[in-house]
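Predicted, not measured: the structure shown is a model, and the values here were computed from it.
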Amino acid sequence: MKNLLILLVAVSIIVIGGCSKVNKQIHQGKWRGVLLIDKTDTKNELPFIFEYISEGSSGAKLTIFNADEKITSDNVSIKADSVFIKMPVFQDEIRAKIINMDSLVGEYYHYGSKSKYGIPFYATSRQKERFPLNGEKSLIDVSGRWETTMQPGDSEEYKIIGEFKQSGNKVTGTFLTSSGDYRYLEGIAEGKKFMLSCVDGAHTLLFKADITPDGRLDNGVLLGGPNWVEKWIAVKNENAKLPDPEKLSSIKEGTEKIDFRFRDLNGNYVSLSDKKFEGKNIVIQIMGSWCPNCMDETRLFADLYKTYKDKGIEFIGLCFESDNFDESKVRMERFVKQLNADYTFLYAGEVGNKQVLSALPFMKDFKGYPTTIYLDKNHKPLKVVTGFSGPGTGEHYEKLKTETINYLNTLLK
């Protein structure tokens with residue numbers, strides 16, 4: 001494994017520095033990709049499955065599979081002996097050397113709200129399983145709801161909820177948090193091993209834990225990037241609950257009317273006092289183009305806006321990005337275009353809880369992205385909701401979608 005890591009680093013330099021003149025081909029079909037997300041321990045491989053399809057002169061497509069989710073990128077190019085893959089919606093990309101038709105070695109580049117880093121990557125079409133199985137039966141069936149403690153015993157300890165479905169050794173599910181969810185996770189439960197992973201262009205997640213004889217998940221570790229490592233434990237608890245999403249972020253008491261003034265994607269300043277918003281209910285989305293839960297919420301809001309824009313309800317996305325407008329604008333435009341969202345998006349400043357409170361002085365508390373504020377026709381705040389449970393949460397998403405539609409209909413009355 002040590003030799004493989006040396007090869008990955010060497011090839012990454014070659015991929016970045018230049019390529020030979022011979023165009024190489026790639027095997028069409030399913031591949032197993034791996035991110036060496038923990039450079040200090042190469043045992044912590046983050047695997048994912050993707051499919052590569054060449055469409056001749058019209059290009060190629062790469063589709064990543066995470067449980068029931070399919071993420072397709074048509075921004076795939078082969079230049080000489082290297083392949084370049086840009087993920088949809090977000091800015092993450094893969095640059096890899098084509099060793100032969102069924103082997104790739106290179107780097108996965110992640111571009112977060114403030115962080116930028118590369119992760120060693122390799123892939124083979126000779127293996128199709130996310131986590132190879134040994135044929136051992138899982139110690140327990142992990143299906144159900146799990147009360148999960150992150151950073152147990154630490155001063156920063158907090159709770160999330162795991163929800164999993166197991167069929168044979170295969171496990172799918174997600175973790176619910178106060179700000180949303182970890183979207184579509186897929187993996188295995190085999191013997192004493194529990195492992196889940198996900199690569200979706202924003203998340204690079206690996207969850208590992210030991211299954212104990214008394215039915216707990218112990219010695220858990222979450223690896224989300226080179227600098228994102230958390231310990232966790234979990235116990236089954238069908239009654240586990242998260243804090244009320246309407247009691248996390250809040251607006252200062254006595255606020256009778258909300259207004260703000262930020263630049264849109266054309267650089268023009270937009271205010272709630274503009275004629276476009278007069279006498280209309282407003283749905284304010286505090287978000288970022290780097291945020292996967294914001295992506296899920298934006299997809300829903302873009303669809304709802306088609307129905308409600310002619311009924312007197314406007315949606316506004318307040319985007320907290322980098323401290324540079326021009327740089328942020330590129331990200332925001334890509335995000336909006338790929339999600340086909342045609343409501344108003346404004347650059348509100350740099351990402352960060354303190355920055356939100358500074359940019360929006362009417363806010364008393366801010367606990368996470370996305371946070372949604374509903375205003376009446378006079379722009380008085382009516383309700384604040386923190387977080388968004390996306391389609392990866394199944395029934396929770398359907399329930400949230402129904403509640404959102406019902407509340408919008410209530411506003412119209």
Worksheet item: Under 6.0 Å from the NZ atom of Lys241, do we count more than 12 heavy atoms belonging to anything else shown?
Response: no
Item to complete: Kindly indicate, with the supporting measurements, whether the criterion ring-ring contact (aromatic ring centres under 6.0 Å, His included) is fulfilled by Tyr308 and Tyr343.
Response: CA-CA 11 Å; Tyr308 289 95; Tyr343 55 92; over 10 Å; no
Practice prompt. Mind checking side-chain hydrogen bond (donor to acceptor under 3.5 Å, both in side chains) for Asn75 and listing every partner two or more places apart, or none if nothing turns up?
Written response: none
Worksheet item: How many angstroms lie between atom CG of Leu408 and atom CD1 of Ile313, to the nearest 0.5 angstrom?
Response: 4.5 Å
Discussion item. Nearest 0.5 Å, please: how far is CD in Gln25 from CD1 in Ile78?
Written reply: 5.5 Å
Discussion item. With a 6.0 Å cut-off on the ring centroids, do Tyr347 and Phe325 count as close?
Written reply: yes
Fill in: Residues Tyr369 and Gln285: side-chain donor-acceptor under 3.5 angstrom
no
Worksheet item: Quick one: does Asn409's side chain have a donor or acceptor within less than 3.5 Å of a partner on Ile405's backbone?
Response: yes
Practice prompt. Check whether more than 12 heavy atoms from other residues, nucleotides or ligands sit under 6.0 Å from atom NZ of Lys61, and answer yes or no.
Written response: no
Practice prompt. Among residues two or more places apart or on two chains, list those pairs meeting ring pair (Phe, Tyr, Trp, His ring centres under 6.0 Å) that have a residue in residues 385-407.
Written response: Tyr374-Tyr407
Worksheet item: Can you pull the salt bridge (charged side-chain N to carboxylate O under 4.0 Å, His left out) pairs that have at least one residue in residues 174-184, sequence neighbours excluded?
Response: Glu69-Arg183, Arg183-Asp200, Arg183-Asp296
Worksheet item: Can you find a side-chain donor-acceptor pair between Asp218 and Thr212 that sits under 3.5 Å?
Response: no
Practice prompt. Report yes or no: does Ser103 contribute a side-chain atom to a donor-acceptor pair with the main-chain N or O of Ile99 at less than 3.5 Å?
Written response: no
Item to complete: May I have all residue pairs that pass salt bridge (charged side-chain N to carboxylate O under 4.0 Å, His left out) and include part of residues 161-179, sequence neighbours excluded?
Response: Arg145-Glu163, Lys170-Glu186
Fill in: Results of side chain to side chain contact (heavy atoms under 4.5 Å, CB included) for Asp141 - residues two or more places apart only
Ser143, Gln166
Worksheet item: Does any non-hydrogen side-chain atom of Ile71 lie less than 4.5 Å from one of Thr63?
Response: no
Worksheet entry | Any donor-acceptor pair under 3.5 Å from Ser358 side chain to Lys354 backbone | no
Discussion item. Filter on salt bridge (charged side-chain N to carboxylate O under 4.0 Å, His left out), then keep only pairs touching residues 148-162, sequence neighbours left out; what's left?
Written reply: Glu147-Lys159
Item to complete: Please lay out, stage by stage, how Ser289 and Glu321 fare under the test side chain to side chain donor-acceptor pair (under 3.5 Å).
Response: CA-CA 7 Å; Ser289 66; Glu321 309 286 335; 2.7 Å; yes
Worksheet item: Honestly, is Lys30 close enough over Phe65, meaning NZ or CZ under 6.0 Å from the six-membered ring centre and within 45° of the axis?
Response: yes
Worksheet item: Got a second to check how far Ile188's CD1 is from Glu136's CD, nearest 0.5 Å?
Response: 10.0 Å
Practice prompt. Apply side chain to side chain donor-acceptor pair (under 3.5 Å) to the pair Asp365 and Ser250, showing each step before the final yes or no.
Written response: CA-CA 5 Å; Asp365 296 297; Ser250 62; 3.1 Å; yes
Worksheet item: Do Ser328 side-chain atoms and Asn324 backbone N/O form a donor-acceptor pair below 3.5 Å?
Response: yes
Worksheet item: So with a 6.0 Å cut-off around NZ of Lys192, is the heavy-atom count from everything else above 12?
Response: no
Worksheet item: So, Glu297 and Thr372: side-chain donor and acceptor under 3.5 Å apart, yes or no?
Response: yes
Worksheet entry | Under 3.5 Å donor-acceptor, Trp232 side chain and Val221 backbone | yes
Item to complete: Tell me, please, whether Phe48 has Arg130 positioned over its six-membered ring: NZ or CZ under 6.0 Å from the ring centre and within 45 degrees of its axis?
Response: no
Worksheet item: Is the backbone of Leu206 close enough, under 3.5 Å, to the side chain of Ser197 for a donor and an acceptor to pair up by distance?
Response: no
Response to the item:
Test ring-ring contact (aromatic ring centres under 6.0 Å, His included), reference Phe315, set Phe277, Phe345, Phe301, output is Phe301
Item to complete: Determine whether the aromatic ring centres of Phe194 and Phe164 lie less than 6.0 Å apart.
Response: yes
Fill in: Pair Thr393-Thr174, side-chain donor/acceptor within less than 3.5 Å
no
Practice prompt. Give a yes or no answer on whether the side chain of Asp92 reaches the backbone of Tyr111 with a donor-acceptor pair at less than 3.5 Å.
Written response: yes
Discussion item. Surrounding NZ of Lys276 (heavy atoms of other residues, nucleotides or ligands, distance under 6.0 Å), is the total greater than 12?
Written reply: yes
Practice prompt. Take Glu107 and Tyr117 through the side chain to side chain donor-acceptor pair (under 3.5 Å) test and state the conclusion after the steps.
Written response: CA-CA 10 Å; Glu107 202 146 9; Tyr117 53 79; over 6 Å; no
Item to complete: Say whether, by atom type as modelled, one donor and one acceptor occur between the side chain of Ser125 and the main chain of Trp31 under 3.5 angstrom.
Response: no
Item to complete: Could you tell me whether Lys208 atom NZ has more than 12 heavy atoms of other residues or ligands within 6.0 Å of it?
Response: yes
Worksheet item: So, Lys401 and Glu398, do they make that salt bridge, N to O below 4.0 Å?
Response: no
Discussion item. Run Tyr109 and Gln91 through side chain to side chain donor-acceptor pair (under 3.5 Å) and show every step you take.
Written reply: CA-CA 9 Å; Tyr109 292 90; Gln91 289 191 313; over 6 Å; no
Item to complete: Could you tell me whether a side-chain N or O of Asn266 sits under 3.5 Å from a main-chain N or O of Asn268, the two making a donor and an acceptor?
Response: no
Worksheet, complete the sentence: So CG of Asp74 and CG of Leu62: to nearest 0.5 Å the spacing works out to 10.5 Å
Worksheet item: Given Tyr52 and Phe50, is the ring-ring contact (aromatic ring centres under 6.0 Å, His included) satisfied, shown in steps?
Response: CA-CA 7 Å; Tyr52 173 82; Phe50 65 88; 8.2 Å; no
Fill in: Check: Thr204 side chain, Gly224 main-chain N or O, donor-acceptor pair, under 3.5 Å
yes
Worksheet item: Can a cation-pi geometry be assigned to Arg95 and Phe84, taking NZ or CZ under 6.0 Å from the six-membered ring centre and within 45° of the ring axis?
Response: no
Discussion item. Looking only at the side chains, is there a donor atom on one of Ser271 and Asp259 sitting less than 3.5 Å from an acceptor on the other?
Written reply: yes
Item to complete: Over 60° means perpendicular and under 30° means parallel, so classify the ring planes of Tyr182 and Trp228, tilted if in between.
Response: tilted
Practice prompt. Decide if atom NZ of Lys128 counts as having more than 12 heavy atoms of other residues, nucleotides or ligands within a radius under 6.0 Å.
Written response: yes
Discussion item. For Glu403, is there an ion pair with Lys399 - N to carboxylate O distance below 4.0 angstrom?
Written reply: yes
Discussion item. If I take atom CZ from residue Arg261 and atom CG from residue Leu272, how far apart are they, to the nearest 0.5 angstrom?
Written reply: 12.5 Å
Discussion item. Please report whether the ring centroid of Trp290 lies less than 6.0 Å from that of Phe320.
Written reply: no
Worksheet entry | Rounded distance [0.5 Å steps], CD1 in Ile233 versus CG in Asn219 | 9.5 Å
Worksheet item: Where do Met150 and Leu222 land on the side chain to side chain contact (heavy atoms under 4.5 Å, CB included) test, with the steps shown first?
Response: CA-CA 9 Å; Met150 305 299 297; Leu222 158 61; 4.0 Å; yes
Practice prompt. Taking atom types as modelled, find out whether Glu230 and Tyr158 have a side-chain donor-acceptor pair closer than 3.5 angstrom.
Written response: yes
